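Written out below as structure tokens is the structure these notes cover.
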Amino acid sequence: MLKSHSCGELNKKHVGAKVTLAGWVDRRRDHGDLIFIDLRDREGVVQVVFNPEISKSCHQTASEMRSEYVVRVSGEVARRPRGTENPKMATGEIEVIAYDTAILNPSKTPPFYINEDIEIDENLRLRYRYLDLRRARMRENLLLRHQVVKFIRDFINDKGFIEVETPILIKSTPEGARDYLVPSRLQPGKFYALPQSPQQLKQLLMVAGVEKYFQIARCFRDEDTRADRQPEFTQLDLEMSFIDEEDILKLIEELFTAMVAALKPEMRLIKPFPRLSYNEAMARYGTDKPDLRFGLEIRDLSDIAAQSSFSIFRSVISEGGRVKGICVPGGADYSRRQLDELNRLVQGLGAKGLTTIALGTSAASLDSLTIGMVKSVAVKFLTLEQIKEMAERFGAKAGDLLLIIAAKPEVVDVALAGLRQEMARRLKLADPNMFAFAFIEGFPLLRRDEGAGRWASEHHPFTAPRDEDIPLLDSAPQKVRGRHYDFVGNGYEIGGGSIRIHTAELQRKVFRLLGYSDGEIEARFGHLLEAFDYGAPPHGGIALGVDRIAMLLAGEETIREVIAFPKNQNAVDLTFDAPSPVTEEQLSELHLLLREED
RNA sequence: GGCCCCGUGGUGUAGUGGACAAACAUGCCACCCUGUCACGGUGGAGAUCGGGGGUUCGAAUCCCCCCGGGGUCGCCA
């Protein structure tokens with residue numbers, strides 16, 4: 001080793017010790033004769049003093065040091081002179097008096113600050129990711145992610161699970177997300193696909209008798225990115241035999257409770273984790289991944305709106321739409337400009353517009369509210385009674401603002417969910433010191449794919465229907481509830497799972513309902529169905545997004561901040577400039593010919 | 001594919017039709033400085049205002065197209 005200690009570990013117990021350190025120059029303070037260097041390594045920063053009276057050559061070398069130079073320093077740890085201690089530094093009580101030093105490698109001036117935490121253009125950060133990762137914020141995020149994965153592995157191991165690796169080169173399944181394909185050299189014209197998740201593999205492991213499987217698994221989906229979505233991401237994938245929903249939910253609740261206590265003890269949880277039905281989540285929050293740290297719940301006003309003479313409300317309802325809204329406490333004094341912004345927001349989410357009703361601030365209470373105190377474009381078309389009825393539904397008070405959207409059911413929910421999120425952000429309603437984890441249950445097994453004119457799986461085709469709903473598969477598929485559950489936290493979908501179908505008979509029935517011919521079923525899922533005929537145990541599991549867990553625990557807003565080398569929004573790796581063209585020879589070996597694009 | 005936001009010295013920002021051959025902070029370079037810690041002081045270099053076209057007497061600023069980054073809807077079994 002070129003070093004005897006790390007910079008960050010030194011403290012007053014080391015006073016008098018002769019140490020050799022190595023790291024990067026975080027900052028240089030040159031007083032002419034006396035030079036101070038803040039030397040940084042993975043563990044932290046320590047002040048090194050170069051005094052020409054101790055070593056003239058050291059002092060000369062130090063005067064040549066610049067930010068991010070890699071240097072080695074030998075010196076004696078000393079207590080700082082009285083009055084010069086720095087309480088802001090972890091090592092601020094001591095310093096290292098250098099008597100020998102060397103520049104191991106100089107550095108160009110970096111393209112951005114390593115020693116300051118400021119927002120930098122994402123392009124630059126990703127292009128120089130190795131420098132970005134030197135910054136304290138990213139170093140801490142990498143460490144936290146390591147701790148998260150380590151904690152998960154230890155915890156799950158203690159519960160009797162064994163980690164099994166599954167193939168990265170596997171078979172394309174056209175349903176679901178778009179696959180990343182890998183051409184085969186040995187099998188001309190054929191392709192592997194990278195796994196979207198190890199779903200079928202882990203089910204086969206259950207048939208194999210593994211009973212309790214887990215994996216920190218890399219998954220790939222060729223879909224558009226988001227702040228919480230990357231083309232490749234990491235799942236905690238697990239599966240158990242001989243269990244029901246309760247076993248999985250309990251395990252996950254235990255895991256997250258223990259993990260937060262261990263890694264983020266200052267954060268508060270809602271215990272036990274709330275369980276909401278899908279219908280309840282959609283009705284109250286307009287989404288199946290609500291942020292439960294704040295209220296602003298949605299209320300359905302369709303019945304009142306239908307009675308009004310407001311033509312927008314009436315026509316939307318007559319076409320099968322809904323009129324719903326949220327109530328912003330104290331929002332009645334919102335300016336025209338602010339309301340316009342909200343209008344644009346919901347229009348961006350697909351709504352035609354936003355109806356705002358400001359309940360007059362001059363009213364002492366709702367009872368004393370008069371029509372003259374209400375500010376709204378809809379005021380001419382609503383009676384005072386109707387307005388009060390709406391306000392009561394929200395438990396609104398005078399001075400509140402009602403934000404109402406009339407649209408098709410799915411648009412109303414998307415727009416109001418977005419509006420709710422935005423209002424909470426503006427009003428700072430979400431407690432930053434809380435993780436509001438929750439389970440969502442009772443999803444429908446199927447949803448109608450109107451484009452294709454057939455049924456599609458809400459989750460995936462391996463999800464078991466509730467036993468009592470199985471007869472409905474033939475008569476009323478839309479009413480069948482799946483044995484599926486989602487795990488959400490602070491408005492993010494952290495993961496989901498289900499109890500699986502484990503008999504070939506039921507699995508075939510569901511595939512047929514999804515519109516597959518018997519031939520397609522055999523070609524795509526024959527391996528799984530065959531396995532089910534050899535004693536498949538009842539089983540189920542869950543998959544959780546490790547990137548999102550790390551992001552939440554780190555308090556970050558994108559998973560890029562907890563991935564060492566993420567891709568940008570266009571799925572490009574800017575550090576390596578991937579993807580990139582390949583040679584004609586490579587294409588030829590793979591039996592590929594590139595298509596001319598217009 | 002749609003919508004929204006952003007692009008000005010190395011970095012972060014100000015400037016939204018003339019007083020800008022572009023300002024501030026920091027970084028960089030040189031010199032001075034023995035207790036600093038975001039050290040301080042003096043001086044200096046550094047920007048075709050993302051690119052192209054247009055409007056105008058005049059464009060960083062207004063309009064159009066393109067490029068790049070971010071957010072989001074669709075998409076994500």
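What you see is a predicted model; the values in this text were computed from it and never measured. Every chain is numbered from 1, with letters handed out A, B, ... down the list of sequences.
Taking 3.5 Å as the limit, the base of B/G68 and the side chain of A/E122 contain no donor-acceptor pair of atoms between them. In terms of polar N and O atoms assigned as donor or acceptor, the side chain of A/D224 comes within less than 3.5 Å of the base of B/G74 in a complementary pairing.
In this structure, A/L124 reaches the sugar-phosphate backbone alone: every heavy-atom distance under 4.0 Å involves primed, P, OP1 or OP2 atoms, never a base. Across all strands, A/T109 comes closer than 4.0 Å only to sugar-phosphate atoms, never to a base (heavy-atom distances). The residue A/E119 sits close only to the backbone: its heavy atoms come under 4.0 Å of sugar-phosphate atoms, none of a base. If you check every strand for non-hydrogen atoms under 4.0 Å, A/E422 touches nothing. Base contact: A/Q47 has a heavy atom under 4.0 Å from a base atom. Contacts of A/Q421 with the nucleic acid, taken as non-hydrogen atoms under 4.0 Å apart, are absent. Base contact: A/R80 has a heavy atom under 4.0 Å from a base atom.
Contacts of residues 226-235 of chain A with RNA chain B (heavy atom under 4.0 Å): A/R226, A/A227, A/R229.
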Spell out protein contact along nucleotides 38-51 of chain B as letters: B when the base is contacted, S when just the sugar-phosphate is, - when no protein heavy atom is under 4.0 Å; keep the 5' to 3' order.
SB------------
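Here B/G10 presents its P atom at 15 Å from CD1 of A/I120, a figure rounded to the nearest Å. Spacing between atom CG of A/D121 and atom C1' of B/C67 amounts to 14 Å, rounded to whole angstrom units. Between the P atom of B/G70 and the CD atom of A/E556 lies a distance of 15 Å, rounded to the nearest Å.
Figure legend: cation-pi geometry between A/R448 and A/W455, with NZ or CZ positioned under 6.0 Å from the six-membered ring centre and within 45° of its axis.
Judged purely by atom type and a 3.5 angstrom limit, A/R28 uses its side chain to pair as donor or acceptor with the backbone of A/S63.
In this structure, the nucleotide among B/G71, B/C73, B/G35 sitting nearest to the side chain of A/P81 is B/G35.
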